[in-house]
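All chains are named by letter (A, B, ...) in the order of the sequence lines, taking the proteins before the strands, and each is independently numbered beginning at 1.
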Number of protein chains: 2
Amino acid sequence: MPSSTVEQYIKIIYTQQEHLGRSVVPMKRLSEAMGVTPGTATTMVKHLDDVKLVSYHPRQGVLLTTKGENLALRMLRRHRLIETFLEQVLGYDWSEVHTDAERLEHAVSDRFIDKLEQYLGYPDVDPHGDPIPSSSGSIESAISVPLNACGADRRVRIVRLLDDDPEFLVCMKSYLIFPGQEFILKNSSAITGTVTLEHSDTLKPVTIGYDAAGRILVSER
Amino acid sequence: MPSSTVEQYIKIIYTQQEHLGRSVVPMKRLSEAMGVTPGTATTMVKHLDDVKLVSYHPRQGVLLTTKGENLALRMLRRHRLIETFLEQVLGYDWSEVHTDAERLEHAVSDRFIDKLEQYLGYPDVDPHGDPIPSSSGSIESAISVPLNACGADRRVRIVRLLDDDPEFLVCMKSYLIFPGQEFILKNSSAITGTVTLEHSDTLKPVTIGYDAAGRILVSER
DNA sequence: GCTACGTATTTGACTAGTCAAAATATAGTA
DNA sequence: TACTATATTTTGACTAGTCAAATACGTAGC
């Protein structure tokens with residue numbers, strides 16, 4: 001049974017790997033994401049390699065094994081189901097959800113998670129639009145593109161926000177930018193580095209920066 | 001912020017103190033209830049004394065301070081609200097509830113517990129009939145007496161079961177002995193060491209041992 | 001080919017919690 | 001009072017996870 005520290009490392013390595021386009025995660029990156037010193041990360045990663053959860057490439061970085069990936073998906077499943085519960089059932093605010101879920105996910109049993117999933121009606125995405133892995137470990141995300149890669153004058157529907165930062169999320173929510181909402185993409189300029197949207201119901205215009213738009217996935221229609 | 005180990009010790013000391021009629025808890029008792037060696041318990045208790053959660057009387061035992069009692073009540077509150085949730089909302093079986101609650105109670109925030117309490121509709125007892133302390137730390141139990149201290153031919157209502165052992169609970173449940181159920185006390189004999197009950201609806205008779213009956217609290221009517 | 005800089009690793013030390021086993025105190029009994 | 005059984009405490013050692021600081025690589029630029 002992996003300790004909650006191990007679980008946390010594996011989850012972070014998974015998300016960093018995703019972030020980096022499936023290549024090795026360097027120690028600096030990992031240690032920063034974990035909030036520990038680089039030496040600590042090295043020590044831990046060697047241990048993770050011993051138990052075959054990652055493959056460690058000295059002086060280069062680390063990569064999840066299949067076993068590690070399975071654990072990561074189990075953690076993601078827990079995290080996302082718990083987030084959904086906190087938001088939809090207990091009425092948490094978006095900004096509060098993440099920290100509490102982070103602590104709970106290491107304390108729940110498989111039985112708990114399976115019953116919770118049933119109670120929530122088998123949702124396939126969490127409140128941020130992140131897909132929830134099934135109990136067998138399969139995960140499928142809806143077809144979507146980053147908002148900064150869309151053509152102008154398109155009608156788009158927000159699918160997912162790729163960020164856990166509460167500040168970012170609260171800000172986006174205040175612009176009604178959250179999964180399910182629809183907008184018209186008025187303008188997207190690489191030169192000014194901005195994207196302008198208009199909410200399809202309220203017609204209220206919003207302008208956001210290019211890199212923020214990169215963290216917003218939408219489906220075009 | 002106390003560690004979950006500290007939280008666990010404090011909770012156990014509280015319940016042992018209750019069990020023992022508010023006198024000092026000896027190390028042997030504590031170490032057995034915690035599942036650690038006596039030496040470990042001594043070391044820990046000294047530390048708990050340092051941080052003023054207990055007062056440690058060498059070679060005699062340990063007693064909670066007011067600070068320790070407050071922490072114990074906060075833990076009991078968490079435990080009982082979580083148990084209620086697992087049983088009533090997620091549909092856990094009585095026998096499964098305890099272990100999962102034990103792990104969760106150290107991982108939840110005060111915000112979580114307060115929202116959960118609200119969601120559950122501010123229950124005042126958990127599924128075993130144990131009273132749930134309020135967020136301010138007050139606790140009040142319904143008037144009740146142990147079943148083995150009742151006179152015969154009385155109509156009694158089960159109020160509370162003073163035991164966490166899943167086996168005991170499942171067995172009692174199979175006899176319909178759980179909070180809210182009503183029985184007629186047919187016979188109570190100190191000589192044979194048995195108590196015989198008859199369920200007031202089904203009229204089915206049940207005979208249980210004297211010490212088991214001591215762990216069943218009822219209200220007479 | 002050499003140097004400098006940034007990243008990675010190693011080392012030694014620390015904390016919390018634990019155990020096994022030796023040492024000590026207490027209380028009951030003869 | 002002396003002895004014994006039992007509870008308690010002490011000691012030394014171990015694990016998981018961490019940090020700070022010294023050290024070692026590797027590569028980009030000269």
Side-chain angles (χ1 to χ4, degrees), chain A residues 1-13 16-17 19-21 23-64 67-68 71-72 75 102-103 105-107, chain B residues 1-13 16-17 19-21 23-64 67-68 71-72 75 102-103 105-107:
Chain A
M1 194 93 325
S3 70
S4 45
T5 312
V6 166
E7 289 178 344
Q8 192 62 21
Y9 272 92
I10 294 300
K11 209 185 63 181
I12 295 282
I13 294 169
Q16 289 299 318
Q17 232 174 271
H19 243 254
L20 261 53
S23 63
V24 294
V25 180
M27 287 305 140
K28 197 183 178 221
R29 189 92 189 220
L30 175 57
S31 61
E32 275 166 7
M34 280 297 299
V36 299
T37 60
T40 303
T42 299
T43 311
M44 190 55 178
V45 157
K46 279 193 200 164
H47 170 242
L48 295 177
D49 185 278
D50 286 349
V51 297
K52 305 269 183 271
L53 283 166
V54 307
S55 66
Y56 168 48
H57 303 280
R59 305 209 169 257
Q60 302 190 94
V62 70
L63 214 52
L64 290 181
K67 189 179 165 196
L71 178 53
M75 295 316 297
E102 197 83 352
R103 300 191 49 203
E105 67 192 8
H106 304 295
Chain B
M1 193 92 325
S3 70
S4 46
T5 312
V6 167
E7 289 178 344
Q8 192 61 23
Y9 272 92
I10 294 300
K11 208 186 64 181
I12 295 282
I13 294 170
Q16 290 300 318
Q17 231 173 271
H19 243 254
L20 261 53
S23 62
V24 293
V25 180
M27 287 306 141
K28 196 185 180 219
R29 190 90 191 226
L30 176 56
S31 62
E32 274 166 8
M34 280 295 301
V36 299
T37 60
T40 302
T42 300
T43 312
M44 191 55 179
V45 156
K46 279 194 200 164
H47 170 242
L48 294 177
D49 185 279
D50 286 348
V51 298
K52 305 268 182 272
L53 283 166
V54 306
S55 67
Y56 168 49
H57 303 280
R59 301 206 171 261
Q60 302 191 94
V62 71
L63 215 52
L64 289 182
K67 189 179 165 196
L71 178 55
M75 296 316 296
E102 197 85 351
R103 300 191 48 204
E105 68 193 7
H106 304 294

Gap between atoms CG and P, on Leu48(B) and dA16(C) respectively (whole Å): 12 Å
Separation of atom CG in Leu30(A) from atom C1' in dA8(C), rounded to whole Å: 12 Å
Under-4.0 Å side-chain N/O to phosphate OP1/OP2 contact, Tyr9(A) with dA16(D): no
Under 4.0 angstrom between Thr5(A) side-chain N/O and dG17(D) OP1 or OP2: yes
Separation of atom CG in Asp50(B) from atom P in dG17(C), rounded to whole Å: 13 Å
Contact state string [nucleotides 4-15 of chain D, B base, S sugar-phosphate only, - no protein heavy atom under 4.0 Å]: ---SBBB-----
Qualifying residue, where the test is side-chain contact (heavy atoms from CB on, under 4.5 Å) with Val62(A) and the options are Gln16(A), Met27(A), Gln17(A): Met27(A)
Minimum heavy-atom distance Ala72(A)-Leu64(A), with the two atoms named: CB-CD1, 4.1 Å
Val36(A) versus Ala41(A), closest heavy-atom pair with distance: CG2-N, 4.2 Å
Closest listed nucleotide, where the reference is the side chain of Val36(B) and the choices are dA20(D), dC19(C), dG17(D): dC19(C)
Minimal non-hydrogen separation, Val51(B) against Lys67(B), with atom names: O-NZ, 2.9 Å
Any Ser3(B) side-chain N or O less than 4.0 Å from OP1/OP2 of dG17(C): yes
Pairs satisfying salt bridge (charged side-chain N to carboxylate O under 4.0 Å, His left out), at least one member in residues 31-60 of chain B, at least two apart: Lys28(B)-Glu32(B)
Atom-pair distance (CE on Met34(A); C1' on dG17(D)), nearest Å: 10 Å
Minimum heavy-atom distance between Glu102(B) and His106(B), given as atom pair plus value: O-CD2, 3.1 Å
